[in-house]
Amino acid sequence: MSIGLIGKKIGMAQVFDDEGAAVPVTVVQAGPCTVVQIKTAEGADGYNAVQVGFGERLKKITSPARGHIEKHLGDDAAIPHDLHEFRVADPSAYAAGQTLDVGLFAEGQAVDVTGTSKGKGFAGVMRRHNFSGQQKTHGQSDRWRAPGAVGMGTTPGRVWKGQKMAGRMGQDLVTVQNLRIVRVEAEQNVLLIKGAIPGGPGSLVTVRPAVKSPGSA
């Protein structure tokens, strides 16, 4: 359990390593983030975590959300655009109002990146679930891309919950694990992460040290 940063995906680019090979990277503006709340196992929350905020909200905000920020950061604090909670082993190492930046990470470190995938709209079963489709012979005329039977006429006589069918595709929370940080641009609060991450340019992501591979990737 370790803390990470909220960031914004800028887009993709490429850099060249020491051997001259092109490395595809995703540019992420990671932080700066402000520590909003400290949660402890001994307190009312019952677990150790740190809540951080990113950006500044320019639109209206609900009274409960404003009261939450003012309670922990004061009446004059800026309202973050997004909040996220990270489980940590030692919450006493952080304090409300503390600023976190890309200094948390180092080049070559493995990280897990979580974001919302691009929405694809309504899709059929072949595109959404990689179905092979039905046969194109023996009188089959209009069922080439159809799913086939999805339930039964006898008991239980219904479609099972979770049945793979046509529907809205994408717009899911996705985590890509063990991506390597190629470069840390501290002055611009930018991370160059090898490979692709979920979401489109401008979407929010969270970057944290890799859970399954805490060392270099």
Side-chain angles (χ1 to χ4, degrees), residues 1-13 24-40 45 47-59 61 65 68-69 72-73 77-91 93-119 170-217:
M1 297 183 294
S2 55
I3 200 166
L5 294 176
I6 309 172
K8 181 172 65 174
K9 179 179 178 179
I10 304 301
M12 293 201 68
V25 296
T26 301
V27 183
V28 177
Q29 179 190 351
C33 296
T34 303
V35 176
V36 175
Q37 182 184 6
I38 307 296
K39 298 184 178 182
T40 61
D45 300 294
Y47 62 95
N48 296 329
V50 175
Q51 186 184 73
V52 301
F54 171 72
E56 183 176 356
R57 180 177 288 273
L58 302 178
K59 297 182 179 180
I61 188 173
H68 174 72
I69 300 300
H72 297 284
L73 299 182
I79 306 299
H81 180 274
D82 188 67
L83 295 175
H84 189 82
E85 189 175 285
F86 296 94
R87 293 289 189 104
V88 295
D90 183 16
Y94 306 94
Q98 179 181 352
T99 300
L100 306 175
D101 55 25
V102 293
L104 296 175
F105 301 101
E107 294 183 2
Q109 182 178 354
V111 294
D112 296 339
V113 181
T114 302
T116 303
S117 62
K118 293 181 180 179
Q171 203 73 18
D172 297 319
L173 196 65
V174 179
T175 298
V176 182
Q177 297 179 324
N178 295 331
L179 296 177
R180 181 171 60 87
I181 295 180
V182 177
R183 189 175 301 169
V184 178
E185 302 286 351
E187 296 181 357
Q188 291 80 25
N189 286 309
V190 166
L191 296 176
L192 301 184
I193 302 175
K194 182 179 180 180
I197 65 175
S203 60
L204 291 174
V205 297
T206 58
V207 184
R208 65 182 306 163
V211 175
K212 296 181 180 179
S213 178
S216 301

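For the single chain, residues carry numbers from 1 onward in sequence order.
Between the OG1 atom of Thr175 and the CD1 atom of Ile197 there is a distance of 11.5 Å, given to the nearest 0.5 Å. Atom-to-atom distance recorded for Ile3:CD1 and Tyr94:OH is 4.5 Å, nearest 0.5 angstrom. The line from CG of Leu191 to CD of Gln109 is 9.5 Å long, rounded to the nearest 0.5 Å. Taking OG1 from Thr114 and CG from Leu173, the interatomic distance works out to 6.0 Å, rounded to the nearest 0.5 Å. Here the CG-CD1 distance, from Leu83 to Ile6, works out to 6.5 Å after rounding to the nearest 0.5 Å. Distance check, rounded to the nearest 0.5 Å: CD1 of Ile79 to CD1 of Ile69 gives 5.5 Å.
Without hydrogens or angle criteria, Arg208 side chain to Ser2 main chain gives a donor-acceptor distance under 3.5 Å. Judged purely by atom type and a 3.5 angstrom limit, Ser117 has no side-chain atom pairing as donor or acceptor with the backbone of Val174.
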>> I'd like to know whether Gln37 forms a side-chain contact (heavy atoms from CB on, under 4.5 Å) with His68, so could you lay out the CA-CA distance, the side-chain angles of the two residues, the decisive distance to 0.1 Å, and finally the verdict.
In response: CA-CA 9 Å; Gln37 182 184 6; His68 174 72; 3.0 Å; yes

>> Could you walk me through whether Val182 and Ile193 satisfy the side-chain contact (heavy atoms from CB on, under 4.5 Å) test, starting with their C-alpha distance in whole Å, then the side-chain angles of each, then the deciding distance to 0.1 Å, before giving a yes or no?
In response: CA-CA 6 Å; Val182 177; Ile193 302 175; over 6 Å; no

>> Assess the residue pair Asp112 and Val211 against the criterion (side-chain contact (heavy atoms from CB on, under 4.5 Å)); give the C-alpha distance rounded to whole Å, side-chain angles, the decisive distance to 0.1 Å, and a yes or no.
In response: CA-CA 7 Å; Asp112 296 339; Val211 175; 3.6 Å; yes

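Judged purely by distance below 3.5 Å, without hydrogens or angles, the side chains of Glu85 and Tyr47 pair a donor atom with an acceptor atom.
Annotation for Lys9: atom NZ counts as buried by contact number, over 12 foreign heavy atoms lying within 6.0 Å. More than 12 heavy atoms of other residues, nucleotides or ligands shown are found within 6.0 angstrom of NZ on Lys39.
Every ring pair (Phe, Tyr, Trp, His ring centres under 6.0 Å) that Phe86 has, sequence neighbours left out, goes to His84. Annotation: side chain to side chain contact (heavy atoms under 4.5 Å, CB included) contacts of Gln171 (sequence neighbours excluded): Thr116.
Pairing each heavy atom of Gly53 with each of Pro80, the nearest pair is CA-CB, 3.8 Å. For Pro198 against Val113, the heavy-atom pair with the smallest separation is CD-O, 4.4 Å. Closest of all the heavy-atom pairs between Gly200 and Lys118 is CA-CE, 3.7 Å. When all heavy atoms of Glu185 and Val102 are compared, the closest pair comes out as O-CG2, 4.2 Å. Across Asn178 and Ala210, no two heavy atoms sit closer than the pair OD1-CB, 3.4 Å. When every heavy atom of Ala89 is checked against every heavy atom of Pro91, the shortest pair comes out as O-CD, 3.6 Å.
Side-chain contact check for Phe105 versus Leu5: some heavy-atom pair is nearer than 4.5 Å. Looking at heavy atoms from C-beta onward, Asp45 lies out of side-chain contact with Thr40 at the 4.5 angstrom threshold. Residues Gln177 and Lys212 form a side-chain contact, since some pair of their non-hydrogen atoms from C-beta on lies under 4.5 Å apart.
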Only distances under 3.5 Å count here; give the side-chain donor-acceptor pairs of residues 27-35 to other protein atoms, sequence neighbours excluded, each with its distance to 0.1 Å.
none

